[in-house]
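Predicted model only: the values in this text are computed from it and were never measured.
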Amino acid sequence: MPELPEVETTRRGIAPHCQGQHITRVTVRNGRLRWPVPDDLAARLEGQIIKSVDRRAKYLFLHLEGGAVIVHLGMSGSLRVITDDTPPLTHDHIELELQSGVILRFNDPRRFGCWLWADSPESHPLIASLGPEPLSADFNGPMLFRLSRSKQSPVKSFIMDNHIVVGVGNIYANEALFKAGIHPKRKAGRISLDRYHRLAEAIAETLSAAILMGGTTLRDFVNSDGKPGYFAQSLLVYGRAGEPCKECGTALKEIRMNNRSTVYCPRCQR
DNA sequence: AAAGATGCCTGTAAGC
DNA sequence: TGCTTACAGGCATCTT
């Protein structure tokens with residue numbers, strides 16, 4: 001399930017193959033994604049040059065002259081660089097053929113992803129109201145502290161709120177809260193500046209480490225080469241319910257919050 | 001206004 | 001064995 005590290009891994013994988021390339025052909029086999037793929041997508045893209053591949057939150061932008069394609073991988077999406085004659089398989093919904101002969105192929109079994117066009121992606125409704133990037137200087141303890149005052153919601157929901165900070169999905173929220181020693185159900189408004197400082201650091205560290213390892217593969221994530229990521233072996237709590245805490249040995253607990261699996265150490269996290 | 005619930009999907013795993 | 005059912009989850013959107 002792609003979270004920010006997986007999306008960044010994908011961006012780094014496809015960018016060298018895309019940058020400066022003419023798009024020679026666009027094929028949409030199944031345009032029924034989270035939102036319908038625009039009918040005129042192929043017409044807009046064919047003949048254009050991909051100027052750059054950028055990321056904002058978990059969205060990828062393929063920047064062209066006069067706008068960008070906004071791609072989201074949803075839950076199960078992947079973008080792969082195809083350099084041989086591997087035929088498209090089930091769930092290979094969209095592909096871009098580039099002048100170099102390389103094919104950029106989008107696969108998404110659950111179809112929670114999207115491919116949209118925006119003349120100005122930064123001001124697109126999906127993008128405009130997003131919070132800061134977790135690996136930027138705009139994200140830090142003091143801003144978390146300030147935005148959390150008067151918040152009654154649990155801290156886990158708070159850090160997964162895209163208006164507060166982007167790119168913190170379920171897996172990494174669990175990991176970062178463990179690292180910071182904060183109980184996932186603690187009310188966001190009742191956490192000190194000091195602890196928010198630790199939390200901001202834990203989030204940045206967790207995401208950076210996962211990017212370095214090429215992301216986390218639990219079930220189906222593959223990078224642009226079709227290979228899995230290796231961060232799963234570094235997970236401290238996620239997927240380890242009932243197993244001993246790596247800090248204190250206490251059995252990790254699993255609860256459900258907002259219908260999402262939440263794992264924590266009842267002793268280390270307060 | 002804020003917080004919680006819902007729906008979109010299908011592969012995988014568990015249950016009968 | 002083969003069917004049915006539950007579950008996984010990002011995130012916009014709806015409901016309370």
Side-chain angles (χ1 to χ4, degrees), chain A residues 1-11 29-37 55-60 70-79 89-94 106-116 118 121 123-131 133-134 144 146-177 184-191 203 207 210 215-222 226 228-229 231-232 235 237-242 254-263:
Chain A
M1 45 205 79
E3 293 200 27
L4 186 144
E6 291 74 37
V7 178
E8 179 61 21
T9 297
T10 299
R11 190 194 69 76
R29 295 194 186 80
N30 186 350
R32 288 170 301 156
L33 303 183
R34 190 177 209 288
W35 296 284
V37 174
R55 180 187 60 75
R56 175 77 174 96
K58 298 177 189 171
Y59 295 92
L60 290 171
I70 301 178
V71 177
H72 198 289
L73 301 179
M75 277 276 311
S76 58
S78 61
L79 271 174
L89 301 169
T90 326
H91 309 308
D92 281 339
H93 304 312
I94 300 178
F106 175 73
N107 179 287
D108 187 5
R110 272 158 268 190
R111 289 192 275 124
F112 281 12
C114 71
W115 278 60
L116 299 171
S123 53
H124 189 278
L126 289 171
I127 308 299
S129 61
L130 293 174
E133 287 287 323
L144 283 182
R146 183 167 45 80
L147 292 176
S148 64
R149 296 308 92 182
S150 82
K151 290 274 187 196
Q152 296 300 305
S153 54
V155 62
K156 183 171 181 244
S157 310
F158 177 65
I159 59 170
M160 289 180 70
D161 180 345
N162 273 339
H163 298 100
I164 306 301
V165 56
V166 301
V168 183
N170 191 47
I171 297 172
Y172 298 112
N174 279 296
E175 296 297 303
L177 286 167
K185 286 186 95 164
R186 177 165 290 277
K187 284 186 170 46
R190 299 197 43 213
I191 294 173
I203 288 171
L207 294 174
T216 303
T217 295
L218 290 175
R219 289 172 188 81
D220 41 21
F221 174 73
V222 290
F231 192 70
L235 295 174
V237 289
Y238 187 85
R240 297 192 61 243
E254 176 161 22
I255 56 174
R256 298 197 69 75
M257 289 180 64
N258 303 82
N259 221 23
R260 283 169 183 82
S261 166
T262 304
V263 187

To the nearest Å, give me how far apart [atom1] ([X]) and [atom2] ([N]) are.
X: A/L116; N: C/dC11; atom1: CG; atom2: P; result: 13 Å
X: A/M160; N: C/dG9; atom1: CE; atom2: P; result: 9 Å
X: A/I255; N: C/dC7; atom1: CD1; atom2: P; result: 16 Å
X: A/F158; N: B/dA2; atom1: CZ; atom2: C1'; result: 13 Å
X: A/Y172; N: C/dC11; atom1: OH; atom2: P; result: 13 Å
X: A/L73; N: C/dC11; atom1: CG; atom2: C1'; result: 14 Å
X: A/L147; N: B/dA2; atom1: CG; atom2: P; result: 11 Å
X: A/I127; N: C/dC11; atom1: CD1; atom2: C1'; result: 12 Å

Tell me, please, which residues at least two apart from [X] pass side chain to side chain contact (heavy atoms under 4.5 Å, CB included).
X: A/F112; value: A/M75, A/R110
X: A/R190; value: A/K187
X: A/R32; value: A/N30, A/R111
X: A/H91; value: A/H93, A/N107, A/P109

Salt bridge (Lys or Arg N to Asp or Glu O under 4.0 Å) with [X]: which residues, sequence neighbours excluded?
X: A/R56; answer: A/E133
X: A/R11; answer: A/E8
X: A/R260; answer: none

Examine [N]: is either OP1 or OP2 under 4.0 Å from a nitrogen or oxygen in the side chain of [X]? Give yes or no.
X: A/R256; N: C/dA8; value: yes
X: A/K58; N: C/dC11; value: yes
X: A/Y59; N: C/dA12; value: yes
X: A/H163; N: B/dA2; value: no
X: A/H72; N: C/dC11; value: yes

Taking [Y]'s backbone N and O only, do any of them form a donor-acceptor pair with [X]'s side chain (distance below 3.5 Å, no angle check)?
X: A/E3; Y: A/G169; answer: yes
X: A/E254; Y: A/S261; answer: no
X: A/R149; Y: A/G189; answer: yes

Those residues that, when tested against A/S129, pass side chain to side chain donor-acceptor pair (under 3.5 Å) (two or more places apart):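 A/S129: no side chain to side chain donor-acceptor pair (under 3.5 Å) contacts found.
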Under 3.5 Å, N/O pairs linking protein and nucleotides 3-5 of chain B:
unit_1: B/dA3; atom_1: OP1; unit_2: A/Q152; atom_2: N; d: 2.7
unit_1: B/dA3; atom_1: OP1; unit_2: A/S153; atom_2: N; d: 3.3

Just list the side-chain donor-acceptor pairs under 3.5 Å for residues 158-167 of chain A, sequence neighbours left out, or say none.
unit_1: A/D161; atom_1: OD1; unit_2: A/H163; atom_2: N; d: 2.8
unit_1: A/D161; atom_1: OD1; unit_2: A/H163; atom_2: ND1; d: 3.0

Global bending angle along the helix from B/dA2-C/dT16 to B/dC16-C/dG2, which compares the axes of five pairs at either end, to 10 degrees: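 That helix has its two terminal axes inclined by roughly 60°.
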Can you give me the N/O atom pairs linking the protein to nucleotides 7-9 of chain B at distances under 3.5 Å, or say none if there are none?
unit_1: B/dG7; atom_1: N2; unit_2: A/R34; atom_2: NH2; d: 3.2
unit_1: B/dC9; atom_1: O3'; unit_2: A/R111; atom_2: NH2; d: 3.2

